[in-house]
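Following: one structure in structure tokens, then a few remarks.
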Protein chains: 2
Amino acid sequence: MSISKRDELVQKALKIFYRDGFHATGMDTLVKETGISKTSMYKHFRTKEDLILATLRLRDELFRNYFIRRVEELASDPKEQLHVMFDVLKEWFEQKDFRGCMFVKASGEYPDHDTAILNTAAEHKKLLLQFVTDLARKAGARDPELLARQLMILKEGAAVLAHIKGPDGIADDARMAGDDLINSHCA
Amino acid sequence: MSISKRDELVQKALKIFYRDGFHATGMDTLVKETGISKTSMYKHFRTKEDLILATLRLRDELFRNYFIRRVEELASDPKEQLHVMFDVLKEWFEQKDFRGCMFVKASGEYPDHDTAILNTAAEHKKLLLQFVTDLARKAGARDPELLARQLMILKEGAAVLAHIKGPDGIADDARMAGDDLINSHCA
DNA sequence: ACATAAATGTACCGATCAGTACATGTTATT
DNA sequence: AATAACATGTACTGATCGGTACATTTATGT
């Protein structure tokens with residue numbers, strides 16, 4: 001089946017792009033490491049950028065599924081779910097192949113405004129924000145939109161620093177800051 | 001003088017790397033855009049990576065000088081200086097060529113642990129953290145190290161999101177979160 | 001004026017870049 | 001067994017990659 005071949009390519013390319021970066025990964029490298037011929041790649045994707053966009057869409061799906069599922073596994077009360085977000089982040093940071101947020105990497109390599117890749121990154125951030133805003137609203141926050149945006153700022157900062165300085169303690173620092181914010185919004 | 005030529009190269013390369021990225025900028029592009037011959041470049045820097053490291057060292061110096069100077073211009077009381085950090089960030093985000101933190105971009109393109117570029121990024125974050133920790137201590141925070149780390153998490157997250165989603169409102173959200181943290185640490 | 005050093009232009013190196021052409025295999029359906 | 005669609009390997013394109021060779025020009029110090 002052609003669809004599963006396509007998915008296999010996107011899955012494998014995702015790992016390689018995440019590990020090595022986008023510009024640093026050539027199409028010939030993808031051929032070597034995926035075992036999928038270049039001809040097949042260009043049958044499914046017109047350009048390298050199209051392939052990158054497909055990997056970002058898959059990443060968005062995988063990451064949000066993982067994040068939301070783990071939050072819901074660790075707590076059922078909405079306010080408690082806001083708190084355990086940072087425990088889920090800690091799990092993520094401690095994965096041995098953690099290299100920061102893939103969308104932050106993509107936006108660093110393709111920084112021009114109003115381009116497909118940066119817009120995809122913005123869309124990912126927007127979808128995550130919506131999930132957190134819903135939790136904040138259910139938790140009875142005075143300003144759920146503001147609280148959610150603030151918690152997302154903590155999440156992004158923690159992810160960046162966990163990659164640059166190593167994961168030790170960062171998620172705990174962010175968790176404590178998040179606790180303060182959540183409690184002062186849900187008095 | 002050779003030293004000023006070298007500095008001129010580093011200054012111009014810094015702008016181009018920041019605008020377009022590291023892998024995306026070839027040495028021939030630097031020749032074209034700086035007007036400095038490739039021969040001269042390779043007399044001052046053995047490799048492209050050496051040039052990148054020099055631009056990062058310059059960026060560290062320029063950014064910390066700017067950040068610290070502006071904080072001290074906007075407030076003299078240490079606790080107040082912690083607050084106005086976020087106003088300085090807002091200024092930075094609203095610069096028209098703002099594209100996020102250069103060290104975050106560098107760590108995204110060169111993500112391997114224990115390499116010179118990632119270590120330089122970590123050093124930059126460490127130096128900024130020291131400045132904020134000193135302020136937190138002078139402000140009488142109960143746990144100045146923790147408060148400083150938390151404020152730095154807010155700073156990184158705000159910078160990332162200001163680039164991906166645009167600067168509107170982000171610095172204000174981070175400022176309000178910072179206000180909460182500072183006040184609860186300096187009761 | 002002369003010597004030394006710095007900076008230059010140009011042409012080149014082998015390797016890799018994204019992307020294509022084309023002929024050959026493989027697989028499934030009929 | 002025949003056909004059609006998919007997948008393959010290989011070889012190629014022109015452009016660009018990081019880096020070098022070398023001869024020439026420019027500027028400085030005495």
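Being a predicted model, the structure only gives us computed values, none of them experimental. First the proteins, then the strands, lettered A, B, ... as listed; each starts at 1.
For the salt bridge (Lys or Arg N to Asp or Glu O under 4.0 Å) test, residues two or more places apart in sequence or in another chain that qualify with K38(A) are D28(A). Legend: residues meeting ring-ring contact (aromatic ring centres under 6.0 Å, His included) with F63(A), ordered by chain and number and at least two apart, are F67(A), W92(A), H124(A). Annotation: salt bridge (Lys or Arg N to Asp or Glu O under 4.0 Å) contacts of R137(B) (sequence neighbours excluded): D134(B), E145(B). Under the ring-ring contact (aromatic ring centres under 6.0 Å, His included) criterion, H163(B) pairs with no residue at all, not counting sequence neighbours.
One atom, NZ of K43(B), and another, P of dG9(C), lie 13 Å apart when rounded to the nearest Å. Atom CD of E8(A) is separated from atom P of dA7(D) by 11 Å (rounded to the nearest Å). Between the CD atom of E33(B) and the P atom of dT16(D) there is a distance of 14 Å, given to the nearest Å. Rounding to whole angstrom units, CG of residue L30(B) and C1' of dT16(D) are separated by 14 Å.
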What side-chain donor-acceptor pairs closer than 3.5 Å can you find for residues 165-172 of chain A, not counting sequence neighbours?
| unit_1 | atom_1 | unit_2 | atom_2 | d |
| --- | --- | --- | --- | --- |
| D172(A) | OD1 | K90(A) | NZ | 3.2 |
| D172(A) | OD2 | K90(A) | NZ | 3.3 |

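Residues in residues 104-119 of chain A take part in these salt bridge (charged side-chain N to carboxylate O under 4.0 Å, His left out) pairs, two or more places apart or across chains: D112(A)-R99(B).
Taking 4.0 Å as the cut-off between side-chain N and carboxylate O, R70(B) and E91(B) count as a salt-bridged pair.
Of all the residues in residues 9-21 of chain B, not one reaches under 4.0 Å from DNA chain C with any non-hydrogen atom.
The hydrophobic cluster containing L146(A) also includes M176(B), under a criterion of side-chain heavy atoms closer than 4.5 Å among ILVMFWY residues, counted directly or through chains of members.
Contact annotation: S37(B) side-chain N/O to dA7(C) OP1/OP2 distance is not under 4.0 Å.
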I'd like to compare against my own output: the B/S/- annotation of nucleotides 14-21 of chain C with a strict under-4.0 Å heavy-atom distance to protein. ---SSBBB
